[in-house]
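Here is the structure we will look at.
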Amino acid sequence: MAAPKRGRSASAQSKPGRALALILIAIVALTGGMFLSGHTTPRLGIDLAGGTSITLEAKADQGSAINKANMDTAVEIMNRRVNGLGVSEAEVQTQGDRNIIVNIPKGTNSREARDQVGTTAKLYFRPVLAQEATGAAAATPSPSASGSSTASPSPSPSKSGTGEKATSSSSPSATATSQGRAVTDALKADATPSASASASSSAAPSAPASTAPSAAQAKLQAQYTALDCSKKAQRTTAGHGAKPSDTTVGCGENSGVWYKYLLGPAAVAGTEVKKAQAVFDTQTAAGWQVTMTFNSKGAKKFADITGQLAKNTQPQNEFGIVLDGQVVSSPTVSTSITGGSAQISGSFTQDEAQNLANMLSYGALPLSFKEQSVTTVTAALGGDQLHAGLLAGAIGLFLVVIYLVAYYRGLSVVAMASLLVSGILTYVLMALLGPAIGFALNLPAVCGAIVAIGITADSFIVYFERIRDEIREGRSLRPAVERAWPRARRTILVSDFVSFLAAAVLFIVTVGKVQGFAFTLGLTTVLDVVVVFFFTKPLMTLLARRKFFASGSKWSGLDPKSLGAKPPLRRTRRPAPAHTKEA
């Protein structure tokens with residue numbers, strides 16, 4: 001039994017280079033991926049890069065309860081609104097039961113952001129007066145025809161339909177030469193007074209209030225002509241500041257193509273939608289649909305507007321569902337829809353139908369919010385905080401190195417090399433996790449990285465002390481390294497498991513910046529296990545074969561005399577039994 005055990009041990013000791021090669025290959029691969037991705041520095045959080053942090057408190061003054069569902073819905077809508085400002089690194093998340101934190105990095109108009117997230121979103125049903133594809137889709141030539149629009153249809157930029165049960169359709173778009181005439185005709189039709197219409201209660205589009213209608217129409221026509229919804233800067237400001245009673249412009253997307261719209265005054269408000277849900281039609285095989293139910297006031301308005309739109313030709317028989325200036329859908333109407341309910345269909349997927357239903361149900365925030373605090377962090381202040389954090393980390397690392405050199409001497413080379421490998425892996429992973437999962441290095445995360453220095457050093461100290469204990473027992477270095485490893489490994493795993501468990505609990509139960517500390521602490525704890533198993537132990541096995549360490553040099557930190565070692569363990573032999581001579 002003893003011989004096979006010695007064979008396995010010798011085999012394990014003879015291949016430490018394999019583990020070292022493996023971790024070095026991983027470092028090279030991750031570093032190469034970091035440079036190839038172009039993200040060579042970690043993404044900084046708002047407290048380091050600068051920006052604005054807004055704290056909002058929910059108020060149940062709209063008849064809705066403050067619960068998790070309503071808070072999550074509000075976060076989703078606010079996130080969509082902030083992203084509409086062109087902010088790609090904004091964070092919108094709940095804090096506790098009643099608060100929402102909005103973190104907007106530098107480079108964003110903080111006043112505009114506060115106006116966007118601090119007010120209730122608005123959803124309106126507006127009649128479509130004109131629409132046209134923009135960007136590359138608009139450059140596709142189409143045969144023109146007499147009149148104000150071409151005879152060649154272009155796909156509708158949203159799921160659309162006819163009657164109570166909508167089906168997908170196509171709508172004509174104006175060419176470059178006839179576009180102005182088409183918009184002018186639409187504006188003239190919109191400006192025609194209706195005997196039973198008004199901006200707030202009539203279904204028919206009414207003229208925008210203006211003392212100079214021709215000047216207002218010319219200005220709006222110029223806005224529509226110049227609008228290019230394929231450009232993010234233009235579509236985020238399209239229709240900005242328009243009142244419900246105004247004729248305005250808007251943008252909508254379908255299948256990656258952006259369309260621009262000329263929209264009449266709002267006919268129905270989103271607050272008049274009582275309920276909207278995504279359903280699957282199994283009877284007619286129409287697939288996923290969105291059903292809407294209006295309140296009594298909204299039902300009358302919707303019946304009036306659909307009756308008016310049904311008399312028109314495309315695209316003026318469509319109504320745009322407009323959320324915060326963006327057209328999220330533009331169904332086609334062929335008949336007046338009465339009864340207070342309607343259906344929208346048109347080859348929806350389940351996710352598309354559910355998203356549209358959510359917009360119709362919660363286009364307006366389910367709760368109102370009061371602005372509690374607004375904190376602005378300048379880039380200079382963030383840089384100072386980052387500098388202070390890095391300086392604290394450097395001081396802590398320096399003190400650890402001084403202690404290792406003074407106490408462990410030659411063994412400090414192993415510890416410092418392991419700390420260097422751990423630091424490289426931590427930095428590279430932070431740089432890669434920024435674009436991958438949105439990880440941002442904030443000040444608490446820097447603190448977590450500093451704490452990790454102590455956790456990593458603790459693992460080395462446990463292993464080194466186990467080796468010293470074996471040498472004190474009288475063993476030479478090479479067997480001491482191997483015999484100390486199982487006991488040190490068990491202690492290291494238990495210690496790191498406790499640290500990781502604490503980090504995981506902290507990450508789950510907290511929100512905001514504290515999660516950055518917990519995430520960094522958990523990440524570095526996992527890396528500590530990887531480094532100790534694949535770098536520190538194999539490196540120690542290789543160094544144990546070197547004369548400087550194996551001979552117990554005074555400067556190696558493993559001098560048996562300095563450690564008070566016992567005499568070498570020797571196997572004692574039982575004395576041979578005495579044989580008496582036979583007579």
Side-chain angles (χ1 to χ4, degrees), residues 11-45 48 386 389-390 393-394 396-398 400-401 404-405 408 410-441 445-446 448-460 463-464 481-482 485 488-489 492-493 496 499-500 503 516 519-546 548-549:
S11 177
Q13 295 180 39
S14 62
K15 299 180 181 178
R18 181 179 299 177
L20 290 175
L22 183 63
I23 193 170
L24 292 178
I25 290 173
I27 292 175
V28 171
L30 290 173
T31 306
M34 179 184 69
F35 282 102
L36 290 176
S37 66
H39 301 280
T40 56
T41 57
R43 174 173 166 254
L44 299 180
L48 298 180
L386 179 60
L390 294 177
L397 182 61
F398 177 75
V400 170
V401 170
L404 292 173
V405 172
Y408 289 107
L411 285 178
S412 62
V413 175
V414 180
M416 288 186 289
S418 301
L419 284 172
L420 178 62
V421 171
S422 179
I424 293 174
L425 286 174
T426 302
Y427 180 87
V428 172
L429 286 177
M430 284 182 176
L432 292 175
L433 290 176
I437 63 174
F439 171 75
L441 183 66
V446 175
I450 296 174
V451 172
I453 296 175
I455 295 176
T456 305
D458 181 64
S459 299
F460 307 150
Y463 186 31
F464 293 161
V481 168
E482 299 306 323
W485 174 242
R489 176 181 60 197
I492 291 170
L493 287 176
D496 284 345
S499 297
F500 182 81
F519 183 85
T520 306
L521 183 61
L523 176 66
T524 51
T525 302
V526 173
L527 290 179
D528 175 48
V529 175
V530 173
V531 171
V532 169
F533 274 72
F534 291 93
F535 186 81
T536 306
K537 168 57 173 60
L539 183 61
M540 197 65 216
T541 300
L542 289 178
L543 293 180
R545 302 172 183 176
R546 301 294 180 230
F548 176 76
F549 289 95

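What's counted below: heavy atoms across the whole structure, side chains too, no hydrogens, waters or symmetry copies.
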Item to complete: Could you walk me through whether V532 and R489 pass side-chain contact (heavy atoms from CB on, under 4.5 Å), step by step?
Response: CA-CA 9 Å; V532 169; R489 176 181 60 197; over 6 Å; no
Item to complete: Quick one: closest heavy-atom pair of P538 and F533, and the distance?
Response: CD-O, 3.5 Å
Worksheet item: Atom CZ of R43 and atom CG of L433: how far apart are they, to the nearest 0.5 Å?
Response: 11.5 Å
Worksheet item: Heavy-atom count around F548 CZ within 6.0 Å, excluding the residue itself: above 12?
Response: yes
Discussion item. Surrounding CZ of F500 (heavy atoms of other residues, nucleotides or ligands, distance under 6.0 Å), is the total greater than 12?
Written reply: no
Worksheet item: Do E482 and K537 come close enough that some side-chain heavy atom pair is under 4.5 Å?
Response: yes
Worksheet entry | For V401 against M416, the heavy-atom pair lying closest together | CG1-SD, 3.4 Å
Discussion item. Taking the side chain as everything from C-beta on, heavy atoms only, tell me whether L30 gets closer than 4.5 Å to I424.
Written reply: no
Item to complete: To the nearest 0.5 angstrom, please state how far the CG atom of L523 sits from the CE atom of M430.
Response: 6.0 Å
Item to complete: Looking only at non-hydrogen atoms, find the nearest pair between L411 and F549 and report the distance.
Response: N-CE2, 4.2 Å
Practice prompt. Indicate yes or no: at least one non-hydrogen side-chain atom of V421 is less than 4.5 angstrom from one of F534.
Written response: no
Practice prompt. Look only at the side chain of S418 and the backbone of V414, and say whether a donor-acceptor pair between them is shorter than 3.5 Å.
Written response: yes
Fill in: Over all atoms of both residues, closest heavy-atom pair of S459 and I492
O-CD1, 3.6 Å
Discussion item. Is there a side-chain contact (heavy atoms from CB on, under 4.5 Å) between V413 and L543? Walk through the geometry before answering.
Written reply: CA-CA 10 Å; V413 175; L543 293 180; 5.6 Å; no
Worksheet item: Do V481 and Y463 come close enough that some side-chain heavy atom pair is under 4.5 Å?
Response: yes
Item to complete: Before giving the answer on side-chain contact (heavy atoms from CB on, under 4.5 Å), spell out for V428 and I27 the whole-Å C-alpha distance, their side-chain angles and the decisive distance to 0.1 Å.
Response: CA-CA 8 Å; V428 172; I27 292 175; over 6 Å; no
Item to complete: Assess whether side-chain contact (heavy atoms from CB on, under 4.5 Å) is satisfied between T524 and I455, documenting all intermediate values.
Response: CA-CA 9 Å; T524 51; I455 295 176; 5.6 Å; no
Item to complete: Using atom types as modelled and distance alone, determine if a side-chain donor or acceptor of Y427 lies under 3.5 Å from a backbone N or O of P42.
Response: no
Worksheet item: Going through the checks in order, is the side chain to side chain donor-acceptor pair (under 3.5 Å) test met by S499 and T525?
Response: CA-CA 7 Å; S499 297; T525 302; 5.0 Å; no
Worksheet item: In Å and rounded to the nearest 0.5 Å, what is the CZ to CG distance from F460 to L404?
Response: 8.5 Å
Worksheet item: So do L542 and L20 actually touch side chain to side chain, heavy atoms under 4.5 Å?
Response: yes
Discussion item. What's the separation between atom CG in L432 and atom OG in S37, rounded to the nearest 0.5 Å?
Written reply: 5.5 Å
Response to the item:
When rounded to the nearest 0.5 Å, the distance separating CG of L527 from CG of D496 is 10.5 Å
Fill in: Heavy-atom pair of closest approach, residues H39 and A431
O-CB, 3.6 Å
Fill in: Side-chain donor/acceptor of S412 to backbone N/O of Y408, under 3.5 Å
no
Discussion item. Could you measure the distance from the OG1 atom of T536 to the CD1 atom of I23? Nearest 0.5 Å is fine.
Written reply: 8.0 Å
